[in-house]
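A short worksheet on the structure shown next.
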Amino acid sequence: MNVDLLAHPAEDVAPRLLGSVLACTTPEGTVSIAITETEAYSGTADPASHAYRGRTPRNAVMFGPAGHLYVYRSHGLHWCANVVTGTDGIASAVLIRAGRVIEGEDLARKRRGERVESARLARGPGNFCQALGITGEHNGADLLPGASVTLSEGEPVPTALIRIGPRVGVSKAHDWQHRFYLAGDPTVSAYRLSPRARPSAGA
DNA sequence: TAAAAGATATACT
DNA sequence: GTATATCTTTTAA
């Protein structure tokens, strides 16, 4: 993945990351996941962003240059991964919410549970990280080729399949249409939203 | 120094 | 569908 493609506002990059492949290599092996769902966090202008109140030790990575990984712990249990976008000095990141395992499914299932169905291996931010093997150790990691975590372009997805909807799981600015996902993909998470709660989202 | 809130996932009713 | 586990970061006194 060319860093130039990431050096744009999060809401600009988020849809372009759909179909991209995030790969994580650990001593256990490599797991690659094609991204099917993302969410844009615009930084200081976004009330729901960790960077809204300015730079802090935790979110410092988001203010850095594009092409890095911002990993944080949610509710004490789960890891959530973001790809830093935009310009150095301006907070901007794309949360990776879900994806489809395309390599290392055995390892992913081993981490998530033997009886987890394929479509659920990386559905939801926390599960995505667990399947991929991303932890807090990867916070701030560079996504350059050869690194333990890398981002590559993967197969391009038809623009017609890209859907936009309200963000999930945030208590602020949930009206912002900053969630991007692939229509009809079984790996897309829509949990906590009843199917008929967003009638116009798929239209 | 102390308290509250948080970009969730899972189990149970 | 609702309730709960669990801990880090941030903010207020």
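In what follows, every chain begins at residue 1, and chains take the letters A, B, ... in the order their sequences are listed.
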Nearest-nucleotide pick for A:Ser49, side chain only, options being B:dA7, B:dT8, C:dT10: B:dA7
Selected nucleotide, minimal atom distance to A:Leu77 side chain, candidates B:dA7, B:dG6, C:dA5: C:dA5
Proximity to the side chain of A:Ser171 - top-ranked nucleotide from B:dG6, B:dT10, C:dT8: B:dG6
N/O (side chain, A:Ser74) to phosphate O (OP1/OP2, C:dT8) under 4.0 Å: no
Complementary nucleotide of C:dT10, counting Watson-Crick and G-U pairs under 3.5 Å: B:dA3
Rounded distance (Å) that lies between atom P of B:dA5 and atom CZ of A:Arg53: 12 Å
Which nucleotide in B:dG6, C:dT10, B:dA9 has an atom nearest any side-chain atom of A:Pro125: B:dA9
Residue-phosphate contact under 4.0 Å: A:Arg167 side-chain N/O, B:dT8 OP1/OP2: no
Among B:dT8, C:dT10, C:dT11, the one nearest A:Cys80 by side-chain distance: B:dT8
A:His78 NE2 - C:dT8 C1' separation (whole Å): 14 Å
Residues A:Glu105 and A:Ser118: side-chain donor-acceptor under 3.5 angstrom: yes
Between B:dA5 (C1') and A:Tyr52 (OH): distance, integer Å: 16 Å
Side chain of A:Thr56 (C-beta onward), nearest among C:dT10, B:dA7, B:dT10: C:dT10
Pair A:Arg167 + A:Glu39: basic N to acidic O under 4.0 Å: no
Euclidean distance, atom CG of residue A:Asn127 to atom P of B:dA9 [Å, nearest integer]: 5 Å
Sugar-phosphate only, base, or nothing, as touched by A:Arg120 at under 4.0 Å among non-hydrogen atoms: nothing
Rounded distance in Å - CD (A:Glu39) to C1' (B:dG6): 14 Å
Parallel, tilted or perpendicular, as decided by the 30° and 60° cut-offs, for the rings of A:Phe180 and A:His178: parallel
Donor-acceptor pair, side chain of A:Asp46 and main chain of A:Ala48, under 3.5 angstrom: yes
Nearest heavy-atom neighbours spanning A:His138 and A:Ser148: CD2-OG, 3.7 Å
Most 5' of A:Lys172 and A:Gln130 on DNA chain B, judged by nearest nucleotide: A:Lys172
A:Asn59 side-chain N/O to B:dA7 phosphate OP1/OP2 under 4.0 Å: no
Gap between atoms CE and C1', on A:Met62 and C:dT9 respectively (whole Å): 12 Å
Given B:dT8, B:dA7, C:dT9, the nucleotide with the shortest approach to the side chain of A:Asn82: B:dA7
Strand partner of C:dT4, provided both Watson-Crick or wobble distances fall under 3.5 Å: B:dA9
Rounded distance in Å - OH (A:Tyr72) to P (B:dA7): 6 Å
Contact check, side chains of A:Leu6 and A:Val84, non-hydrogen atoms, under 4.5 Å: no
Nucleotide C:dC7, atom P - distance to NE2 of A:His75 in whole Å: 13 Å
Distance below 4.0 Å between A:His50 side-chain N/O and B:dA7 OP1 or OP2: yes
